[in-house]
J.: 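First the structure, then my questions, so here it is.
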Amino acid sequence: MPETIEFMLLDSSYEIVGKEPVIILWGITLNGERVVLLDKRFRPYFYALISPSYEAKAEYIASAIKRLSMAKSPIIESRVVDKKYFGRPRKAVRVTTMVPETVREYREAVKKIEGVEDSLEADIRFAMRYIIDKKLYPFMAYRVAVEETEHSQGFRVSKVFNIVGEPIPIADITSIELPEMRILAFDIEVYSKKGSPNPSRDPVIIISLKDSNGNEKLLEADGYNDRSAIREFVDYIRNFDPDIIVGYNSNHFDWPYLIKRARRLGIKLDVTRRVGAEPTTSVYGHVSVQGRLNVDLYDYVKEMHEIKMKTLEEVAEYLGVMKKSERVLIEWWRIPEYWDDKKKRTVLRRYALDDVRATYGLAEKLLPFAIQLSAVTGVPLDQVGAMGVGFRLEWYLIRAAYDMNELVPNRVKRYEESYKGAVVLKPLKGIHENVVVLDFSSMYPSIMIKYNVGPDTIVDDPSECEKYGGCYVAPEVGHRFRRAPPGFFKIVLENLIKLRKQVRAKMKELSPDSPEYRVYDERQKALKVLANASYGYMGWTHARWYCRRCAEAVTAWGRNLILTAIDYARKLGLKVIYGDTDSLFVAYDKEKVKKLIEFVEKELGFEIKIDKIYRRVFFTEAKKRYVGLLEDGRIDIVGFEAVRGDWCELAKEVQERVAEIVLKTGDVDKAIEYIRDVIRKLKEGEIPITKLVIWKTLTKRIEEYEHGAPHVVAAKRMRDAGYEVSPGDKIGYVIVKGRDSISNRAYPYFMVEPSRVDIEYYIDHQIVPAVMRILSYFGVTERQLKVVSAGYRSLFDFFASKA
DNA sequence: AACCAGGCTTC
DNA sequence: GACGTGCCTGGTT
């Protein structure tokens with residue numbers, strides 16, 4: 001019997017039943033039931049674009065296409081339709097068939113027919129095609145006529161329905177009470193004495209879990225046998241039945257490891273909502289757990305440029321989830337030691353628990369944004385994080401194109417063609433006091449809108465400009481864009497901005513601590529991210545709407561803009577310290593800065609605003625590297641070794657400390673003294689070898705390397721010693737004493753006696769370069785660091801004496 | 001000195 | 001599973 005249900009969409013997939021495709025929508029009804037909705041009526045299709053000169057023969061071409069029909073997947077329909085392509089009216093044939101996989105075959109055959117310029121939209125995956133065409137978005141609620149089926153059909157949900165009507169949206173995301181979702185965070189610890197863990201050898205010793213019901217659990221291996229732990233993991237998921245599973249780097253570590261480990265042990269990783277389906281690595285490198293949304297939080301952290309160190313503990317600290325000082329920390333290569341010693345196991349347990357708590361905490365911080373990103377782009381939550389920014393925008397554009405009756409261009413192979421980018425000023429080196437950082441808001445999108453930039457608005461023949469009421473001409477490069485009518489990107493961008501304004505207007509009516517406010521805030525951020533991706537997208541060779549000249553024009557206008565602003569700033573008498581792309585560092589003179597902002601807004605027609613103020617900021621001669629002291633006393637390190645993972649712990653620690661001493665106290669002597677003390681300790685063997693290990697990832701097989709970089713040589717040594725080494729493994733090495741090249745003196749850290757370590761190497765190639773990056777500016781020489789002698793007084797005195 | 005290749009998260 | 005890039009290092013020529 002037909003009935004009507006209201007549900008929130010989680011995900012879509014499809015299966016072939018008999019010979020027919022069935023769309024599967026995974027959802028939660030508004031009263032909290034997990035359901036599957038099947039649509040057996042939808043069919044895959046694509047378009048054959050007719051060459052302009054063959055438009056009169058369109059019907060004939062449609063029948064020719066129909067004759068290609070194969071029995072295994074017949075062509076159900078071949079119909080001439082009016083579409084647009086890059087803004088121009090075009091005729092196309094819409095070709096509908098039965099089996100999604102055969103679309104690819106038909107695409108090739110159709111392309112060969114005379115009068116067919118190209119096959120289009122044949123590579124849009126069937127499950128996505130359905131939600132695009134039906135205008136369905138994840139985390140939105142719909143009402144639809146359905147019929148309940150009698151059997152579960154192997155779906156682990158409370159009810160399975162056949163869709164018989166058309167889903168219609170029932171409400172805006174925040175105006176109704178959406179069902180609550182069950183969330184599970186998990187993390188695994190692996191026992192690996194020999195470099196990177198290897199699933200065919202190393203057991204999973206702890207699986208830590210935390211769920212949205214407040215349960216926390218540690219599943220432990222029985223000694224070195226992880227069979228029961230993995231089985232209990234499967235049981236936990238099946239019992240708790242999460243809608244969302246989160247982890248940290250889980251798409252690239254935890255899940256692949258568990259999948260391989262389970263296979264090795266002959267255990268079925270039966271954790272999905274589809275009987276018989278196990279988790280698999282799928283598009284965009286995400287791990288698909290059918291019926292559940294598997295989210296790797298690291299995907300979102302990666303994109304947060306303000307966070308330099310992306311380790312779980314650093315990120316948790318930065319986001320206020322968990323303080324490093326209040327949790328257990330164990331260097332991961334020491335995990336075996338904590339497992340082998342039963343007394344230390346308690347500490348390891350606590351570490352595993354802290355990790356999963358931190359992961360769950362991150363989910364609370366990051367999921368609201370991820371959910372909005374999914375809701376705005378229409379891409380299911382498990383994929384949207386794993387895909388790059390370019391793909392997210394592209395799915396948004398595909399939906400926009402569908403609404404505008406525009407055909408989606410194909411992704412085509414192109415050769416890389418680079419173009420000139422942004423302006424980066426050479427910094428004024430040294431310490432500057434009271435510096436304001438000004439940022440253009442959404443500089444590139446603003447340029448694209450203002451000058452109507454896009455692949456469909458670019459004008460090749462200058463004489464055509466008059467047809468469009470003139471053209472905007474980009475400086476330096478001379479590319480022309482019609483003034484009117486607005487193109488695809490301008491329409492999409494203006495719409496994104498309009499939507500964002502609406503969201504922000506709604507926020508003004510709400511209390512900042514209401515849940516709705518949070519939802520809107522994340523939504524406006526998602527809209528902003530998409531707008532900001534539009535320029536980079538046009539310059540991306542794999543983009544469907546690729547337009548190199550467009551990207552080139554945008555950066556040319558950008559350079560022009562910032563250079564004009566700098567010019568004006570200097571005319572005002574403002575000291576310009578540094579500038580990069582859309583940001584300007586100037587000595588903070590309130591009145592003059594106000595005038596500069598007014599000039600940019602009134603005369604240039606762009607928005608610029610104060611981003612931050614540094615009490616002190618230090619530059620070397622290098623671009624994109626600086627250390628700043630913020631007004632609240634925090635130190636901002638950008639670009640330096642201290643924030644890179646491929647330097648030894650000691651070098652990073654020392655550089656950070658030196659930066660802090662110099663900025664906070666200005667006392668170079670103190671910094672020198674500190675370094676000398678570190679060098680002394682190093683020479684006297686007081687520094688543990690673990691602080692000297694340099695970690696680098698092997699990105700390909702050892703044989704594929706042309707030159708033996710140190711980590712490659714170390715990896716080779718590991719392999720020779722019988723350890724399995726494969727791409728993706730992190731190699732930890734130290735340099736030992738000797739006359740040979742550095743590479744040839746690189747050994748896996750665990751194969752080296754501390755006495756063999758080449759202390760001189762660490763002084764000359766790690767500590768000294770790291771600190772000299774900062775101290776050479778103050779006239780400090782390498783020798784001063786290594787030799788005991790009288791130092792300077794304060795560096796402020798030092799400059800005073802120079803002046 | 002000029003150039004190239006490789007890295008930049010997770011246990 | 002990658003919008004772009006820059007910048008550094010170690011190694012080779």
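Everything numeric in this text was worked out from a predicted model, so none of it was measured. The chains referred to below are lettered A, B, ... by the order of the sequence lines, with proteins before strands, and numbering in each begins at 1.
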J.: As a test of reading the structure: which of C:dG10, B:dC11, B:dT9 is closest to the side chain of A:E189, going by heavy atoms?
T.: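 Looking only at heavy atoms from C-beta outward on A:E189, the closest nucleotide is B:dC11.
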
J.: With a 4.0 Å cut-off, would you call A:D123 and A:R544 a salt bridge?
T.: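 Salt bridge: yes.
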
J.: Specify the separation, in whole Å, of atom CG of A:L329 and atom C1' of B:dC11.
T.: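 One finds 14 Å between C1' of B:dC11 and CG of A:L329, rounded.
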
J.: Between C:dT5 and B:dC8, how far is it from one C1' atom to the other, in whole Å?
T.: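 Taking atom C1' in both C:dT5 and B:dC8, they lie 13 Å apart.
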
J.: Mind checking A:Y300 for me? I need base, sugar-phosphate or nothing, with any heavy atom below 4.0 Å counting as a touch.
T.: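 Here A:Y300 touches no strand at all.
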
J.: Please determine if a side-chain N or O atom of A:Y419 lies less than 4.0 Å away from the OP1 or OP2 oxygen of C:dC3.
T.: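 So the side-chain polar atoms of A:Y419 never come under 4.0 Å of the phosphate oxygens OP1 or OP2 of C:dC3.
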
J.: Establish, with yes or no, whether the OP1 or OP2 oxygen of C:dC3 is under 4.0 angstrom from a side-chain nitrogen or oxygen of A:H542.
T.: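 It does not, given that no N or O in the side chain of A:H542 lies less than 4.0 Å from OP1 or OP2 of C:dC3.
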
J.: A:E313 has an atom CD; how far is it from atom P of B:dT9, in whole Å?
T.: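 The answer, rounded to whole Å, is 12 Å.
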
J.: Do A:D354 and A:R350 sit within salt-bridge range, that is, some charged N less than 4.0 Å from a carboxylate O?
T.: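 Looking at A:R350 together with A:D354, the answer is yes, because their closest N to O distance falls below 4.0 Å.
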
J.: Applying a 4.0 Å non-hydrogen cut-off, can you work out what A:H286 is touching in the nucleic acid: base, sugar-phosphate, or nothing?
T.: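 A:H286: no heavy atom of the nucleic acid under 4.0 Å.
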
J.: Look at all strands and tell whether A:W647 reaches a base, only sugar-phosphate, or nothing, counting heavy atoms closer than 4.0 Å.
T.: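 Result for A:W647 = sugar-phosphate.
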
J.: Classify A:L393 by what it touches in the nucleic acid, base, sugar-phosphate, or nothing, heavy-atom distance under 4.0 Å.
T.: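 Result for A:L393 = nothing.
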
J.: Is the shortest side-chain N to carboxylate O distance from A:E552 to A:R549 below 4.0 Å?
T.: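 No, no charged N to carboxylate O under 4.0 Å.
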
J.: Could you check whether the side chain of A:Y298 and the base of B:dT9 have a donor-acceptor pair of N or O atoms closer than 3.5 Å, going by distance alone?
T.: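 Indeed there is one.
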
J.: Among B:dC11, C:dC3, C:dG10, which nucleotide sits nearest the side chain of A:Y351?
T.: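 For the A:Y351 side chain, the nearest candidate turns out to be B:dC11.
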
J.: Quick one: A:K696 NZ to B:dT10 C1', roughly how many Å, whole number?
T.: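 A:K696 atom NZ is separated from B:dT10 atom C1' by 18 Å.
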
J.: Rounding to a whole Å, what distance do you find between A:Y338:OH and B:dC11:P?
T.: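 Checked: the OH to P distance equals 15 Å.
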
J.: With the threshold set at 4.0 Å, does a side-chain nitrogen-carboxylate oxygen contact exist between A:K193 and A:D340?
T.: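 Result for this pair is yes, salt bridge flagged.
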
J.: Can you figure out which of B:dT9, B:dG6, B:dC11 approaches the side chain of A:H711 most closely?
T.: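 For the A:H711 side chain, the nearest candidate turns out to be B:dG6.
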
J.: Take the protein atom OH of A:Y749 and the nucleotide atom C1' of B:dC11, then report the distance between them rounded to whole Å.
T.: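 Those two atoms, OH and C1', are 11 Å apart.
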
J.: Check step by step if side chain to side chain donor-acceptor pair (under 3.5 Å) holds for A:N249 and A:D299.
T.: CA-CA 7 Å; A:N249 204 30; A:D299 287 331; over 6 Å; no

J.: In this structure, how many angstroms lie between the C1' atom of B:dC11 and the CG atom of A:D355, rounded?
T.: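 Spelled out: CG on A:D355 to C1' on B:dC11 is 10 Å.
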
J.: Within less than 4.0 Å of OP1 or OP2 of B:dT9, is there a side-chain N or O belonging to A:H252?
T.: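 Looking at the OP1 and OP2 atoms of B:dT9, neither is under 4.0 Å from any side-chain N or O of A:H252.
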
J.: Does this structure show an ion pair linking A:R327 with A:D355, if we count only N-O contacts that are shorter than 4.0 Å?
T.: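 Yes, A:R327 and A:D355 are salt-bridged.
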
J.: Quick one: A:D582 CG to C:dG4 C1', roughly how many Å, whole number?
T.: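 Taking atom C1' of C:dG4 as the reference, CG of A:D582 is at 13 Å.
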
J.: For A:Y535, answer base if it contacts any base atom (sugar-phosphate contacts may also be present), sugar-phosphate if it contacts only those atoms, and nothing otherwise; contact means non-hydrogen atoms under 4.0 Å.
T.: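 Counting heavy atoms under 4.0 Å across all strands, no contact is made by A:Y535.
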
J.: With respect to the side chain of A:S743, which nucleotide from C:dG11, C:dC3, B:dC11 is positioned closest?
T.: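 Nearest listed nucleotide: C:dG11.
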
J.: Check the distance between C:dC7's C1' and A:R773's CZ and give it to me in whole angstrom.
T.: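 Whole-Å distance recorded here is 10 Å.
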
J.: Quick check for you: among C:dG10, C:dC3, B:dT10, whose closest atom lies nearest to any side-chain atom of A:P710?
T.: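 Closest of the options to the side chain of A:P710: C:dG10.
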
J.: Among C:dG4, B:dT10, C:dG11, find the nucleotide with the atom closest to the side chain of A:I742.
T.: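 From the listed options, C:dG11 comes nearest.
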
